[in-house]
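Step one of this worksheet: look at the structure below.
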Amino acid sequence: MSDQLTTTKRSTGTALTNTIAAISATGGLLFGYDTGIISSALLQLKAEFHLDTLGAEIVTSAIILGALFGCLGAGTLSDRMGRRRTVMVAAALFLIGTVMVATAHSVAMLITARLLLGLAIGAASQIVPIYIAEISPPEKRGRLVVGFQLAVVFGVTVSFVTGYLLRDHSWRIMFGIGMLPALILFVGMVFLPNSPRWLAMRGRHDEARDVLRKVRPSDEVAEQELREILEGHDEQAPWSALAKPWVRPAVIASVGIALLCQLTGINAVMYYAPTIFSGAGFGQDSALLTSVAVGCAMICATLFGGWAVDALGRRTLLLRLLPGAVVSLIILGGLFAFHLTTGIGAWLTVLAVMGYTVFNTGSLSVAIWLIGAEVYPLSCRGKGMSLVAGSHWGADLVISLTTLSLVEGLGAGGTFWLFAAVNALALVFIARYVPETKGKSLEQLEASLKNGTFAPVAKAQKQANLQTS
């Protein structure tokens with residue numbers, strides 16, 4: 001009878017955890033759809049609003065600027081209101097922004113609406129991974145948090161398919177479709193529990209215990225986890241806590257990954273793939289279909305990454321896949337630089353883009369939100385993740401504002417070679433500063449920060465000092 005009760009609890013806890021992760025990840029679906037749909041809609045927007053290159057970059061980048069402010073504000077908000085309520089605020093902003101952008105009749109209103117959508121996306125990118133990480137058991141945390149990124153790339157792919165299917169219809173319908181998942185996210189979050197770690201940090205220990213008992217296999221496991229949380233004695237810390245020497249390795253690793261995720265060029269391909277390919281001689285329909293193929297490659301890569309982060313490890317995945325991104329970009333740059341994108345070269349171009357997409361998305365894009373949600377101590381996790389998301393969106397803003405200008409100045413070939421060099425630099429950074437977090441509890445990772453064994457280069461140096469002493 002006892003074994004049957006334990007099995008029931010385990011099944012119930014697992015089902016609830018998966019449900020929480022699935023509903024929360026709807027924020028990622030909105031994130032991906034609203035950022036990706038612009039690549040298809042831009043072809044119509046440029047004609048209807050008479051946008052030049054700068055105008056197209058501003059309309060595209062407005063959502064990124066909004067996301068930058070949204071993620072920075074969400075950290076303090078999530079510490080005060082809680083993770084769940086902050087996600088609900090983001091869902092409400094998604095709804096309002098979607099209505100505005102679908103009914104925009106001027107460039108100013110279009111930009112304003114995309115700024116508002118950006119606020120929602122920034123808040124979602126900051127808080128959803130934290131919420132999922134804080135409620136998930138260590139052995140499943142990797143794939144559940146990566147579920148957020150899977151939802152992002154699924155949203156991107158849906159936006160590409162939608163853009164292709166509605167290419168002869170109004171761009172307003174393309175944007176308006178985003179209202180449905182926003183409504184699902186808002187209503188779904190009403191019924192989900194608060195993060196147990198946030199409740200504990202606020203001194204609401206009994207409520208934290210109740211939540212843990214619902215999402216863990218047994219009461220004993222829940223009590224043990226609560227004890228570990230309380231032993232950390234974490235209280236809400238100010239922004240200045242991120243500058244403390246013992247927290248700095250977490251900042252370096254997480255912010256570095258966030259910056260490199262963008263500076264390696266993945267969103268440049270996502271935002272401007274149809275524009276780049278149409279300029280290289282592909283017809284508009286072919287350019288849009290290429291974007292759909294890119295989106296499908298993203299989904300496959302993220303599914304693999306979701307398995308690999310727990311099976312192989314976060315750091316191992318990054319170090320194994322990024323060399324493939326470097327090689328793909330070198331080939332892609334050569335095809336454009338030497339004007340080999342026609343005939344069979346067109347197919348090679350598509351394969352090179354998809355190869356780069358698989359290797360980069362399956363590594364950096366999978367790891368960014370997971371590592372950011374894992375490495376910070378509880379006391380400053382919300383603010384730390386705001387810094388991660390802010391770095392991500394800041395770099396994204398730079399990329400979205402400069403990609404078309406880079407292509408005009410360096411050519412598509414030179415631009416892709418530049419991104420290849422950044423991918424190579426990312427390998428060096430990861431080898432030195434990004435630790436393996438697979439299978440470790442959030443409290444164990446916090447302990448490694450405190451004892452100075454967090455970063456691989458610091459851990460190696462400490463071991464060398466012990467051997468020589």
Side-chain angles (χ1 to χ4, degrees), residues 30-68 93-122 155-182 266-280 282-292 294-295 393 396-408 412:
L30 286 160
F31 173 166
Y33 186 84
D34 284 326
T35 53
I37 194 64
I38 190 64
S39 67
S40 300
L42 196 59
L43 297 173
Q44 292 187 34
L45 291 172
K46 289 173 72 174
E48 182 168 333
F49 291 101
H50 308 291
L51 299 174
D52 56 12
T53 296
L54 178 60
E57 289 178 337
I58 291 174
V59 169
T60 300
S61 304
I63 202 167
I64 312 305
L65 181 62
L68 182 58
L93 290 174
F94 272 122
L95 279 169
I96 297 168
T98 300
V99 171
M100 286 182 62
V101 75
T103 56
H105 288 281
S106 67
V107 175
M109 187 174 177
L110 187 65
I111 292 172
T112 301
R114 284 182 59 78
L115 279 169
L116 190 59
L117 282 171
L119 289 175
I121 288 172
V156 170
T157 305
V158 169
S159 76
F160 288 160
V161 173
T162 301
Y164 177 73
L165 295 177
L166 299 179
R167 63 191 183 281
D168 297 324
H169 297 78
S170 173
W171 55 269
R172 299 180 189 280
I173 301 174
M174 297 182 189
F175 286 116
I177 288 172
M179 285 187 284
L180 179 59
I266 189 62
N267 274 8
V269 172
M270 184 182 77
Y271 292 149
Y272 297 115
T275 303
I276 291 172
F277 283 115
S278 61
F282 290 77
Q284 179 172 315
D285 287 359
S286 298
L288 289 171
L289 275 176
T290 301
S291 297
V292 173
V294 168
W393 290 115
D396 194 1
L397 181 62
V398 171
I399 291 297
S400 61
L401 280 172
T402 59
T403 296
L404 291 182
S405 299
L406 276 173
V407 171
E408 288 181 356

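FYI, side chains are in, hydrogens and waters are out, and symmetry mates aren't considered; it's all heavy atoms of this structure.
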message: Please find the pair of heavy atoms, one from Q44 and one from L166, that lie closest to each other, and give the distance.
response: NE2-O, 3.8 Å

- prompt: If you look at every heavy atom in G97 and A113, which pair is closest and at what distance?
  reply: O-CB, 4.0 Å

- prompt: Under the criterion side-chain contact (heavy atoms from CB on, under 4.5 Å), which of I96, I63, T112 is the partner of L117?
  reply: I63

task: Answer whether the closest heavy-atom distance between the side chains of Y33 and V156 falls below 4.5 Å.
output: no

For A104 against F49, the heavy-atom pair lying closest together: O-CZ, 4.4 Å

field: Distance (rounded to the nearest 0.5 Å) between T162 OG1 and I177 CD1
entry: 4.5 Å

- request: Supply the atom-to-atom distance F175 CZ to T98 OG1, rounded to the nearest 0.5 angstrom.
  value: 9.5 Å

- prompt: Listed by chain and number, what are the salt bridge (Lys or Arg N to Asp or Glu O under 4.0 Å) partners of E48, not counting sequence neighbours?
  reply: R172

message: For the CD1 atom of I58 and the CG atom of L110, what is their distance to the nearest 0.5 Å?
response: 11.5 Å

- request: Kindly compute the distance separating CG (L95) from CG (L116), expressed to the nearest 0.5 Å.
  value: 10.5 Å

query: Which one of I121, L65, V398 satisfies the side-chain contact (heavy atoms from CB on, under 4.5 Å) criterion with W393?
result: I121

- line: Nearest heavy-atom approach of S159 to G32 is OG-O, 4.4 Å

query: Do the side chains of D34 and R114 get nearer than 4.5 Å, heavy atoms only?
result: no

message: So, taking the atom named CE in M174 and the one named CG in L165, what distance separates them when rounded to the nearest 0.5 Å?
response: 9.5 Å

Heavy-atom donor-acceptor pair, T402 side chain to S405 backbone, under 3.5 Å: no

